Protein chains: 2
Amino acid sequence: MNKPVSILQIAQAAGVSAATVSRVFNQPDKVRADTREMIIALANQHDYQPNSAASALRTQRSKIIGVMLPTFGNPVFAECLEGIASQAAEQGFGVMPVTSDYDSERETKAINRLLAKGVDGMVLVLRDPTKAPGLSQLQKQSVPFVLAYNQHPKYHCVGVDGHSEVVRVVERLRALGHRKIAMISGQLSASDRARQRYQGYLSGMQSANLKPLALIEVDFIASDMLALASLLKQSATKRPTALICSNDLLAFRSLRTATQCGLSVPDSLSVVGFDGIKIGQELSPMLTTVIQPNHDIGQWATTLLIQSISGHARTQKPVTHNLECGFRLGETIGSPPTNRSHLARDVF
Amino acid sequence: MNKPVSILQIAQAAGVSAATVSRVFNQPDKVRADTREMIIALANQHDYQPNSAASALRTQRSKIIGVMLPTFGNPVFAECLEGIASQAAEQGFGVMPVTSDYDSERETKAINRLLAKGVDGMVLVLRDPTKAPGLSQLQKQSVPFVLAYNQHPKYHCVGVDGHSEVVRVVERLRALGHRKIAMISGQLSASDRARQRYQGYLSGMQSANLKPLALIEVDFIASDMLALASLLKQSATKRPTALICSNDLLAFRSLRTATQCGLSVPDSLSVVGFDGIKIGQELSPMLTTVIQPNHDIGQWATTLLIQSISGHARTQKPVTHNLECGFRLGETIGSPPTNRSHLARDVF
DNA sequence: CTGTTAGCGCTTTCAT
DNA sequence: ATGAAAGCGCTAACAG
């Protein structure tokens, strides 16, 4: 239980005052080169590290960024967190993440825990930015924050334009010849992302001059894909030929459901995901999906946040960054079965 | 930029000393009930939160736990982190995670960053506990730590007994009739977990009176599964009938490789994973795998760590907890193809 | 049960 | 370029 070295010991060993040692770490140019190097050498030699609590107390900055995500289990957020953490580390910040499990009440509690830990700012992935009580708390205490994957004109946001991405997916499917394109989503009420993607589906269908089909809304937690199953069990002329999934996890489930219904992908059903989580490309068939730049979203959000914290452009206007998505052309989409080939298959 | 309320303001508002307010938060029973409640009311009313930096400075405890993982992207560690974070939160601790990306040098740097942030202790997932330079640093500064998923007699460890779990897998496969059972793994040199599992394979084969096949060692980062592919392309009588994968990610790849080689699973090849990541059960075929209690591993490690931090049983002997694994009987294993059915297929 | 007192280690004017 | 001094907000003896 040996005590760590303090700035004073280094100062004494160097024959200077504590102030000088402090400057070496915080404003190196204000110290003559040779003294600086001597002090650095001494510091290394003694394993000296400035005490973060003392520095935080004095400067009123913890150099810690709070992060709230729905869960670490979804690779989307895990990758995002990686982006946040690496960018933060680069700038000398640590990261303190908490999860809300997609639950509004927990969001509020989580934000408060972060606040109690004295974070300098937060990156938040909210269920719904229009009704998040925690935010007012942040504003009252004027703690900077940036939303990730959310959209809201009044706050800093970093994410993707889910709307137009889904429009493009519809276009692609249309180009392949699909006309009966359905969408499956988690509960729309549970996230603005899901709503945005669904809106994209509607617009896309309209632009493509196709009739949108009823949304298949499933409880994300429960693994019941019954609605989809009963849809897929309809005759080939009635069921959709393509399915747009609001996220990759749902796409995996849909793939499995299709298999269980005896439909082969992509011959009898095309499936497209949204998220681009890496595991999708390891599977057979490889998932076709919209690839979100999760890591970059985290990085950008962090950069933006640290700018806010540092006070550059204070009382700045809210900024929204929508990053470009990629597209993985996997093995789960193809042309829709024609009547002929369909009949042929039945005969066979 | 309104200043947060300090303990002094609450004290004045309540007509007591700062010490009393402090006691309300730290040793509530030492304060008369009515004064305590009055103070709590006042604190809430003013949104008072004890300043964590000040408290950390004074007590020399940050109430933050450092966590080092290879990556957040692997659901195994993401789930573990969730366990750590929830347990930590329960005990009033925050968590500060960093990733090492399976790289020894980064491990050392990451540990130092955590140290610089003044964490009270760490949960570590190391590449190899026998040669981790960072650990000596921790011991020198007597910062408590617990290893997760690693095994080492000299340190606190929480994990699973990969050895005997794999032995059991071999037994299962043997019971199904398999005799040519191969194992595929990431680089053994890259983790003691991989080595432990491989040893389990060897023991298991020996006990089952089977001849172990050469380990298929793949570079985990590169996606080359060539070695496996060439093995699977051999004639049915030469190639293995079952494949034990050292982790689930490898299992997914193996499944894909098998498909690409024209082998159907489980008819022509049985595949077993290790990890039990959740997505495995959403796929078709559902992955058969050993389920590690990742969340519990995180929880236990954290509990143990906080005990060490709190100084209960100081200079205690190192403890190792190996938690029980589960088993998911998915759709990727079955009896090996018999000669008869094999010939039949060839003829067809 | 409550108050007084003395710092925890660092940063930052303000001098020199 | 460097030093002296004050104090960030809180907690833990020690008194009473």
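What you see is a predicted model; the values in this text were computed from it and never measured.
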Minimum-distance nucleotide to A19(A) side chain [options: dC8(D), dT12(C), dA13(D)]
dT12(C)

What integer distance in Å separates K3(A):NZ from dC8(C):P?
9 Å

So if I take every side-chain heavy atom of T59(A) and compare against dG9(D), dT11(C), dG3(D), which nucleotide ends up nearest?
dT11(C)

DNA chain C-proximal residues of residues 4-12 of chain B, any heavy atom under 4.0 Å
none

R58(B) side-chain proximity, nearest of dC10(C), dA4(D), dC10(D)
dC10(D)

Using modelled atom types and a 3.5 Å cut-off, is there a donor and acceptor pairing between side-chain atoms of Q292(A) and backbone atoms of V76(A)?
no

May I ask you to say what V21(A) touches in the nucleic acid, namely base, sugar-phosphate or nothing, with a heavy-atom cut-off under 4.0 Å?
nothing

Map S52(A) and V31(B) onto DNA chain C by nearest heavy atom, then report which one ends up closer to the 5' terminus.
V31(B)

Rounded distance in Å - CD (Q60(A)) to P (dG9(C)):
18 Å

Does T302(A) reach the main-chain N or O of Q87(A) with its side chain, forming a donor-acceptor pair under 3.5 Å?
no

Using a cut-off of 4.0 Å on non-hydrogen atoms, how would the nucleic acid contact of F25(A) be classed: base, sugar-phosphate, or nothing?
nothing

Compare the minimum distances between each of dC10(C), dG3(D), dT11(D) and the side chain of S55(B), then state the nucleotide with the smallest one.
dT11(D)

Does one side chain, of T99(A) or D101(A), offer a donor that lies under 3.5 Å from an acceptor on the other?
no

Between Q60(A) and L57(A) (side chain of the first, backbone of the second, donor and acceptor by atom type, cut-off under 3.5 Å), is there such a pair?
yes

May I ask you to decide if F72(B)'s main-chain N or O and E82(A)'s side chain share a donor-acceptor pair within less than 3.5 Å?
yes

Taking only the side-chain heavy atoms of S17(A) (C-beta and beyond), determine which of dA4(D), dC10(D), dC10(C) contains the nearest atom.
dA4(D)

Nearest nucleotide by nearest heavy atom, which residue falls closer to the 5' end of DNA chain D, T35(A) or A18(B)?
T35(A)

Per S22(A) side chain, nearest of listed nucleotides dG9(D), dT2(C), dT12(C)
dT12(C)

